[in-house]
Amino acid sequence: MVGDGLEGHKGGAPYDRVIATCGVHTVPSDWISQTRAGGEILVTVCGWMNASELVRLAVAEDGTASGPVLGGHVSFMLARPHTPPALGMLPDLDAGETTPTEIGGDELDDWTARFVAQFAAPRAQRFALPRNGRDEHVVIDVEAGAWAAVFEDSGRWMVRQGGPARLWDSITDQLTRWHDAGRPHAERLRLRVGPSGQHLTWK
């Protein structure tokens with residue numbers, strides 16, 4: 001068949017198995033609706049902070065899908081409509097109040113931590129930017145206009161945030177829960193996909 005793979009193929013549904021050979025930012029609802037209850041979807045879920053994992057989802061009677069993260073740092077090229085927007089002109093990263101943060105920017109150097117954090121700020125991108133004689137860790141949601149810049153100052157991690165959402169607060173809350181659970185490896189993570197979005201949990 002020739003067509004948009006993100007829309008699946010209704011003519012052959014329902015399917016017992018769907019295997020995706022591209023990465024997706026969000027699992028398409030058409031794949032779930034075209035898979036029979038009890039069927040499985042094998043897909044690489046990729047965030048815009050550049051961490052991805054292979055996930056095996058089982059479809060339920062209620063039209064949701066859930067299952068384990070398989071681990072292994074599996075990566076596929078993102079489907080073109082799921083690629084992040086261009087960064088464009090950066091906001092004024094010196095604006096906003098500077099406050100201490102318990103989670104440092106270097107936390108996102110770890111692949112699994114980054115994968116976990118992405119579900120707290122799913123539209124955010126992340127990069128390092130040399131500024132003011134130091135490296136600042138920046139996360140930015142281009143479409144929402146929200147951003148955070150995290151940096152070390154006199155041995156302590158600090159953050160400045162701007163826009164309609166406090167990205168670093170959301171990421172900190174998510175990573176703190178993950179830390180409190182013992183920083184579980186990817187193989188202990190589970191993903192649930194439904195009308196309310198994608199939700200990552202762990203044992």
Side-chain angles (χ1 to χ4, degrees), residues 1-85 108 110-126 139 141 143 167 170-171 173-203:
M1 300 300 301
V2 177
D4 185 347
L6 296 177
E7 296 178 358
H9 174 52
K10 293 181 181 178
Y15 300 104
D16 296 317
R17 300 288 186 269
V18 172
I19 300 173
T21 54
C22 69
V24 296
H25 180 263
T26 51
V27 179
S29 58
D30 284 333
W31 293 1
I32 298 174
S33 65
Q34 293 173 26
T35 303
R36 67 169 178 81
E40 294 185 342
I41 300 170
L42 188 68
V43 56
T44 302
V45 177
C46 309
W48 288 350
M49 294 186 200
N50 296 320
S52 59
E53 292 289 359
L54 188 65
V55 182
R56 186 178 68 243
L57 301 171
V59 175
E61 293 281 358
D62 63 0
T64 63
S66 60
V69 174
L70 303 181
H73 297 185
V74 176
S75 180
F76 268 116
M77 182 181 294
L78 272 166
R80 190 172 301 160
H82 286 205
T83 55
L108 297 184
D110 177 81
W111 183 284
T112 303
R114 205 159 62 245
F115 184 75
V116 170
Q118 288 170 159
F119 289 88
R123 311 295 292 181
Q125 301 176 62
R126 174 242 182 192
V139 291
D141 183 331
E143 294 171 348
L167 294 179
S170 298
I171 289 170
D173 289 346
Q174 177 91 329
L175 289 178
T176 297
R177 289 192 296 272
W178 181 63
H179 283 192
D180 290 345
R183 297 173 57 95
H185 297 298
E187 293 82 357
R188 292 174 55 196
L189 307 179
R190 289 183 64 84
L191 183 65
R192 185 178 189 275
V193 184
S196 62
Q198 297 187 152
H199 303 281
L200 190 70
T201 59
W202 45 83
K203 303 174 185 177

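Sequential numbering from 1 along the given sequence is applied to the chain's residues.
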Inset, instruction - Apply side chain to side chain contact (heavy atoms under 4.5 Å, CB included) to the pair I41 and V59, showing each step before the final yes or no. - result: CA-CA 8 Å; I41 300 170; V59 175; 4.0 Å; yes
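At least one donor-acceptor pair closer than 3.5 Å links the side chain of Q34 to the backbone N or O of E7. With hydrogens and angles ignored, the 3.5 Å screen pairs no side-chain donor or acceptor of Q198 with any backbone N or O of F119. Within the 3.5 Å criterion, the main-chain N or O of D141 finds no donor-acceptor partner in the side chain of W48. Using a distance-only test at 3.5 Å, with no hydrogens or angles considered, a donor-acceptor pair links the side chain of R114 to the main chain of L108. Within the 3.5 Å criterion, the main-chain N or O of V116 finds a donor-acceptor partner in the side chain of Q174. In this structure a side-chain-to-backbone donor-acceptor pair under 3.5 Å is missing from R126 to M49. Side-chain atoms of H82 come within 3.5 Å of backbone atoms of H25 as a donor-acceptor pair (strictly under, hydrogens ignored). At least one donor-acceptor pair under 3.5 Å links the side chain of T35 to the backbone N or O of W31.
Side-chain atoms of R190 and W202, non-hydrogen and from C-beta on, never get closer than 4.5 Å to each other. With a 4.5 Å cut-off on side-chain heavy atoms, P68 and R56 count as touching. Between L42 and R17, the closest side-chain pair of non-hydrogen atoms is not below 4.5 Å. By the 4.5 Å heavy-atom criterion applied to side chains, M77 and C46 are not counted as neighbours. Inter-residue side-chain proximity for L189 and E53 is flagged as unmet; no heavy-atom pair is nearer than 4.5 Å.
The nearest pair of heavy atoms linking L191 to L57 is O-CD2, 3.7 Å. Residue A120 comes nearest to S170 through the heavy atom pair CB-O, 3.5 Å, listed as atom of the first residue, atom of the second, then distance. Considering every non-hydrogen atom in both T64 and G194, the closest pair reads CG2-CA, 4.1 Å. Heavy-atom minimum distance, D110 versus W178: OD2-CH2, 4.1 Å. Taking all atoms of both residues into account, the shortest heavy-atom contact from I32 to G63 is CG2-O, 3.1 Å. Minimum heavy-atom separation, G71 to A186: CA-CB, 3.9 Å.
Ring pair H73/W111 is parallel by interplanar angle, where below 30° counts as parallel and above 60° as perpendicular.
Here the CG atom belonging to D180 is positioned 11.0 Å from the CG atom belonging to L175, to the nearest 0.5 angstrom. Residue L200 holds its CG atom at 13.0 Å from CZ of R192, rounded to the nearest 0.5 Å.
Taking a 6.0 Å sphere around CZ of R80, one finds it holds 12 or fewer heavy atoms contributed by other residues, nucleotides or ligands. Heavy atoms from other residues, nucleotides or ligands lying under 6.0 Å from NE2 of H185 number 12 at most.
When each of V45, T112, L54, V55 is checked for a side chain to side chain contact (heavy atoms under 4.5 Å, CB included) with V69, only V55 meets the rule.
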